[in-house]
Amino acid sequence: MIARFDDELGEGDFGGKAAQLGQAHRSGLPVPPGRALSAAFVERVVAGDGAAVDRLVGAFRELDGPVAVRSSGIGEDGASASFAGQHATELNVRSREGLLEAVRKVHGSARTEAALAYRRKLGLAPEPRMGVVVQRLVQADTAGVLFTRNPATGADERVVEATWGLGEAVVAGLVTPDSYRMARGGRVLERRAGEKDLAILWAEEGGTREVAVEPDRVEALCLDDARLAALEALAAACEAAFGGTQDIEWAFAGDRLYLLQRRAITRG
């Protein structure tokens, strides 16, 4: 099954990431347009089912632009198991062939030795089921992560990490990001410049490319007060929609802020 974010997306069919993006969209949060693929539908695509492939390609064309293809495993992004870093994401997918290959890669990433070991560690069912999110890619000029509780100390404060370009540079540990601490409500407690000497950007032919950041921007803070205020508002809106703690991936394209995904803060 292919579903829109307007639809009710059950975690048991579509996975945690899709279900939470759907809930965020229905709550009015700024989620980029996308489609959710159920785990059963992904299996059909990977097996080469012609009708399933045609439906997937049609949904891709409706999104009218490059997309990100993200994992949405059953049990992923839950309160006790984030699977952060375990499953694949394919960015800037632009063609039918690239789309099918990206779905195959995301599906296969649930079956790597590391991902299966993580499942065993958490006592999850040994056979993974992988839903997929196909989402219009945001051409980010600044991106990163936000925690609504300090993940290191447990303090009731916002922690933001940010870099130039796409947020994968932060998630993959390729840069030392800028770091900000804010009190609940948005008062800035600390700003600490990182060393952002490279940025991940779209490549015109598909995929991404790493580019050197101009020397005067390497240690320049990439978030001003207006953008920090927008992130505080997003954090509060996520808390209202979901309750509890929030681990948020976000991106700015110009002055527009997008919510790319969210999960509860976990230690797993």
Side-chain angles (χ1 to χ4, degrees), residues 17 20-21 24 29-35 60 63-72 77 82-95 98-99 101-103 105-106 109 132-147 159-180 193-224 227-228 230-231 234-235 238 246-263:
K17 188 172 296 172
Q20 294 189 39
L21 285 171
L29 297 173
V31 176
R35 300 291 185 271
F60 165 66
L63 290 172
D64 191 27
V67 299
V69 179
R70 303 181 185 276
S71 66
S72 184
D77 287 354
S82 72
F83 280 87
Q86 299 292 335
H87 295 157
T89 293
E90 296 293 313
L91 299 177
N92 196 21
V93 176
R94 292 172 171 258
S95 66
L99 175 67
E101 180 62 20
V103 170
K105 285 183 178 179
V106 171
S109 70
V132 167
V133 170
V134 179
Q135 195 169 24
R136 189 181 298 162
L137 186 65
V138 174
Q139 191 167 4
D141 53 70
T142 309
V145 297
L146 183 157
F147 302 94
V159 174
V160 179
E161 295 183 345
T163 194
W164 305 115
L166 300 175
E168 274 63 27
V170 175
V171 175
L174 299 178
V175 298
T176 302
D178 294 345
S179 179
Y180 306 80
E195 187 173 353
K196 309 171 297 298
D197 54 351
L198 66 83
I200 298 178
L201 304 177
W202 287 17
E204 287 301 320
E205 66 276 12
T208 60
R209 58 194 176 96
E210 295 182 7
V211 301
V213 171
E214 299 90 335
D216 62 339
R217 301 175 77 212
V218 170
E219 296 185 9
L221 291 167
C222 60
L223 295 176
D224 59 15
R227 288 190 169 192
L228 289 171
L231 286 167
L234 178 62
C238 285
Q246 312 294 314
D247 173 353
I248 296 166
E249 292 187 23
W250 54 268
F252 279 101
D255 292 331
R256 188 164 184 180
L257 174 60
Y258 292 91
L259 171 65
L260 303 182
Q261 63 183 72
R262 62 76 54 195
R263 59 174 71 92

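Treat the numbers as computed from the prediction; the structure is a model and nothing was measured. The first residue of the sequence shown is numbered 1, and numbering continues consecutively from there.
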Do you know which two heavy atoms are closest between [X] and [Y], and how far apart they sit?
X      : Y      : result
Ala230 : Phe252 : CB-CZ, 4.1 Å
Ala162 : Pro177 : O-CB, 3.3 Å
Ala199 : Trp164 : CB-O, 3.7 Å
Leu260 : Ala251 : CD1-CB, 4.0 Å
Glu90  : Val93  : O-CG2, 3.9 Å
Leu257 : Pro30  : O-CB, 3.3 Å

Taking the side chain as everything from C-beta on, heavy atoms only, tell me whether [X] gets closer than 4.5 Å to [Y].
X      : Y      : value
Arg262 : Leu29  : no
Val170 : Glu249 : no
Leu234 : Leu146 : no
Val69  : Phe60  : no

Do any pairs count as a salt bridge (charged side-chain N to carboxylate O under 4.0 Å, His left out) and have a residue in residues 206-216, sequence neighbours left out, and if so which ones?
-> Glu214-Arg217
Which distance, rounded to the nearest 0.5 Å, do you find between the [atom1] of [X] and the [atom2] of [Y]?
X      : Y      : atom1 : atom2 : answer
Arg94  : Glu205 : CZ    : CD    : 8.0 Å
Asp141 : Thr163 : CG    : OG1   : 11.5 Å
Asp247 : Gln261 : CG    : CD    : 8.0 Å
Thr142 : Leu221 : OG1   : CG    : 11.5 Å
Lys17  : Thr89  : NZ    : OG1   : 5.0 Å
Arg70  : Leu91  : CZ    : CG    : 6.0 Å

Apply side chain to side chain contact (heavy atoms under 4.5 Å, CB included) to the pair Arg35 and Val67, showing each step before the final yes or no.
-> CA-CA 10 Å; Arg35 300 291 185 271; Val67 299; over 6 Å; no
State whether the side chain of Asn92 and the backbone N or O of Leu137 hold a donor-acceptor pair below 3.5 Å, judged by distance alone.
-> no
Is the side chain of Trp250 donor-acceptor paired with the backbone N or O of Val145 at a distance under 3.5 Å, no angle test?
-> yes
How would you list all residue pairs meeting side-chain hydrogen bond (donor to acceptor under 3.5 Å, both in side chains) that involve residues 194-204, not counting sequence neighbours?
-> Asp178-Lys196
